[in-house]
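Nothing fancy with the numbering, it's 1 onward along the sequence. Note that the structure is a prediction, hence the values are computed from the model and not measured.
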Amino acid sequence: MRFSSMILVSAPLSNFAFTLQKVPSPAIPKVMTTTQLYESSSSPDQQQEDAEDKEKTFEEAASKAEEWMEQQQEEQETNEEKAEQEEKEEGTSSSGRPKKYVVVGGGWGGWGAAQALCESSVDCEVTLLDALPDPTGSTPYLSKTGKPVEAGTRGFWKDYPNINALCAQLGLKEDNVFTPYTNSSFYSPDGLEATAPVFSEATLDTLVEDLPFGLGNLAKNILPKTDDPFPQLPSPLGQVLATFPLFERIPLADRASMVGLLLATIDCLGAEDESVQMAYDRMTAHDLFIKFGLSKRLVDDFIRPTLLVGLFKPPEELSALVVMELLYYYALAHQDSFDVRWIKNGTVSESLVAPLAEMLQTKHNLNVMGGCRVGEISLKLNDSQDTLQATTLKYTKANGKETTIDNIDGIILALGCKGMSSVIAASPDLAKLPTFSKAASLKGIDVISTRIWFDKKVETRTPANVFAKFDELRGSGGTFFMLDQLQPDHESLWGGEDPQGSVVACDFYNAGALLSLSDDDLISILTDDLLPSAVPKFRDAKVVDSWVGKYAGTVSWFSPGSYTSRPPLEGAGSILPNVKCAGDWVRMGDKEHGAKGLCQERAYVSGMEAANSLLGMEAKKVLPVRDDEEQFKMGVAVNNQIMKVVPRFWVR
């Protein structure tokens, strides 16, 4: 029940007592007094009989009075419930004004929440606050030389049904927003290690021609040539066959060692008891790999670099639970679930957030305020209901002026760990609640984004690439994206200048050991060492311009044991019903979406679900991902039966 609605039913007994004082006398049956009884002139026997009759009459009258009082109380409660329901449907506060909701944070979680609130049937005023000068994406983020830049290059996976539906709602064609699904290459100092395929576009010819032991040539001579797509096979068989020819250096025996990890994933994600997930969460991914027999070669050459660019930390610093959520998509969901595509023109903000913001501002009067840092959120105690309500929020504008928003009906904190820590530190009331103090204790991951403009075009095997095992990374994960291969509008990539050559976006994750380096030193590491080691043609290209962005502690870190400290979508729950949480790191409980792990889809969905919870209705319908395949369901069912008699000795 929402706090503002509770006011209507906060004191039913006092309201009922007041009603009794105004009862008209005919409404209650008349009862004789004892004085009247003794004044009767009848005989003793008759008096005894009359007394018994009078007493019976009195009891009947008292009973009817009690029934009447109960009826009045039921009517009172019915009227209050009706008023509460009408308030919910009309979306007005107890004072008759529109509801006032505040969304803190302009990432995918914040925009999902703002959209659901604005599009609901509730009469409400919605304000979105963010520290960025313009969180709507309508103002391009430019380097000092006027070229477009972005903090990190983000992919969009196959199972992103709600973001895909957003494109349709905004009238955007997906082919105009996203690139085709692309392969990704993994490079080490030894050369190309592996290629992550586009499962939905793999062909039979590709699979056949790369079979080992001379079987490829034999099959090519026997089988007719075909460009037919590789068929959708049950997971993980389809993934195994489709990737078979794409691991350049990792032996088959090392790849086969992953089987044990697949079994652990079924056990972890399919368990009926949340305590099982919590037990896996306390274990590091590194410990999990050792217990289930993964080869060192497979971990070092493929899994470690994948985690460094997918979850932004090495396996020894990651929760086994979250790693298995990522692995589920790669190997157990569907053959093509891990297919990924990228933004085709400009940035994520320009392509998706800007049209969404324009629609919400134009059609629903969304109030977007950039350059605002949220400070104290104050709570009010409701004595009659023994609950709390967030009532006021203070924020500081870019000019240093502090402003207060009063009479708030609900808040959605769509913040990452760094933003949450800042808000809780400034909010003593919230800090008293363990839910928020624990969330504020979690640390983030350091990220560095760069963009380099070269004087000549460099061709690469794939547009999306990963650095693995390079000493120059200093323990970080590294990626490089050939933007000139992903985005056809080269003039825009050059900020309106005449295009000269390739434009490369390079990102470092878990980049603490690199943060202290100067911008020039970081660019030198990329252009002198990393890029030429992966693709030798970079040695002949010269840097025309460059940009570096450093973001300390900004990305969610799913560390071992962090599960119980991550904020629930419901916030502090019933004790503070008008504050919810959103973002890729929140625990969604029974509203958990199939898009698990660190991803834009999950953040977007969490925002919508937080708004639904705040409103007490399904204001925005969330689309589910594709259902698990039958063999996965069967594996889960069998495993759950086995685990009833076999202890999980490998977890704490």
Side-chain angles (χ1 to χ4, degrees), residues 183-216 219 230-269 285-311 314-316 318 320 323-340 461-462 464-469 477 597 629 631-632 635 650:
N183 294 51
S184 302
S185 296
F186 288 69
Y187 291 97
S188 76
D190 299 323
L192 181 66
E193 292 286 347
T195 301
V198 178
F199 291 101
S200 58
E201 297 177 5
T203 64
L204 290 172
D205 276 354
T206 302
L207 172 65
V208 168
E209 68 185 12
D210 289 322
L211 290 174
F213 313 120
L215 296 177
F230 187 70
Q232 291 288 312
L233 299 176
S235 295
L237 179 61
Q239 291 92 317
V240 171
L241 292 178
T243 59
F244 193 88
L246 299 176
F247 284 83
E248 306 289 333
R249 299 176 183 275
I250 302 176
L252 180 60
D254 292 286
R255 285 180 263 166
S257 69
M258 187 181 283
V259 172
L261 188 56
L262 300 183
L263 297 176
T265 301
I266 291 174
D267 178 49
C268 175
L269 302 186
H286 178 74
D287 289 340
L288 183 74
F289 297 160
I290 292 175
K291 290 179 183 293
F292 282 87
L294 273 71
S295 76
K296 187 176 185 301
R297 176 76 179 270
L298 178 67
V299 172
D300 289 344
D301 291 4
F302 181 67
I303 295 181
R304 179 182 293 271
T306 299
L307 295 179
L308 279 168
V309 300
L311 294 172
E316 56 269 22
L318 284 171
V323 167
M324 284 187 284
E325 289 177 344
L326 181 68
L327 175 66
Y328 165 78
Y329 269 99
Y330 186 77
L332 290 174
H334 301 278
Q335 181 176 305
D336 57 357
S337 289
F338 213 67
D339 287 354
V340 63
R461 179 186 177 107
T462 57
N465 306 276
V466 177
F467 294 118
K469 296 171 56 179
E629 295 185 4
Q631 67 278 5
F632 181 80
W650 53 89

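Rounded to the nearest 0.5 Å, atoms CG (D287) and CH2 (W650) are 15.0 Å apart. In this structure, I303 CD1 and L261 CG are separated by 6.0 Å, a value rounded to the nearest 0.5 Å. Expressed to the nearest 0.5 Å, how far CE of M324 lies from SG of C268 amounts to 3.5 Å.
Side-chain atoms of V466 and E193, non-hydrogen and from C-beta on, never get closer than 4.5 Å to each other. Between L308 and P314 the shortest side-chain heavy-atom distance falls below 4.5 Å. Here the side chains of L262 and L327 are in contact, with some heavy-atom distance below 4.5 Å. Looking at heavy atoms from C-beta onward, V323 lies out of side-chain contact with P315 at the 4.5 angstrom threshold. In this structure the side chain of K469 reaches within 4.5 angstrom of the side chain of P189, judged on heavy atoms.
Among residues two or more places apart in sequence or in another chain, the side chain to side chain donor-acceptor pair (under 3.5 Å) test is passed with S257 by none. Residues satisfying the salt bridge (Lys or Arg N to Asp or Glu O under 4.0 Å) criterion with K291, sequence neighbours excluded, are absent altogether. When the salt bridge (Lys or Arg N to Asp or Glu O under 4.0 Å) test is applied to D300, the partners found at least two apart in sequence or on another chain are K296, R304. Legend: residues meeting ring-ring contact (aromatic ring centres under 6.0 Å, His included) with F186, ordered by chain and number and at least two apart, are F302. Qualifying side chain to side chain donor-acceptor pair (under 3.5 Å) partners for S184, counting only residues two or more places apart in sequence or in other chains: none.
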**Q.** Derivation of the side-chain contact (heavy atoms from CB on, under 4.5 Å) call for L192 and S185
**A.** CA-CA 7 Å; L192 181 66; S185 296; 3.7 Å; yes
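Between T462 and N183, the side chains place no donor N or O within less than 3.5 Å of an acceptor N or O (distance only, hydrogens not considered).
A salt bridge (Lys or Arg N to Asp or Glu O under 4.0 Å) check over residues 257-269, counting only residues at least two apart or in different chains, returns the pairs D267-R648.
When all heavy atoms of V299 and L294 are compared, the pair lying nearest together is CG2-CB, 4.0 Å.
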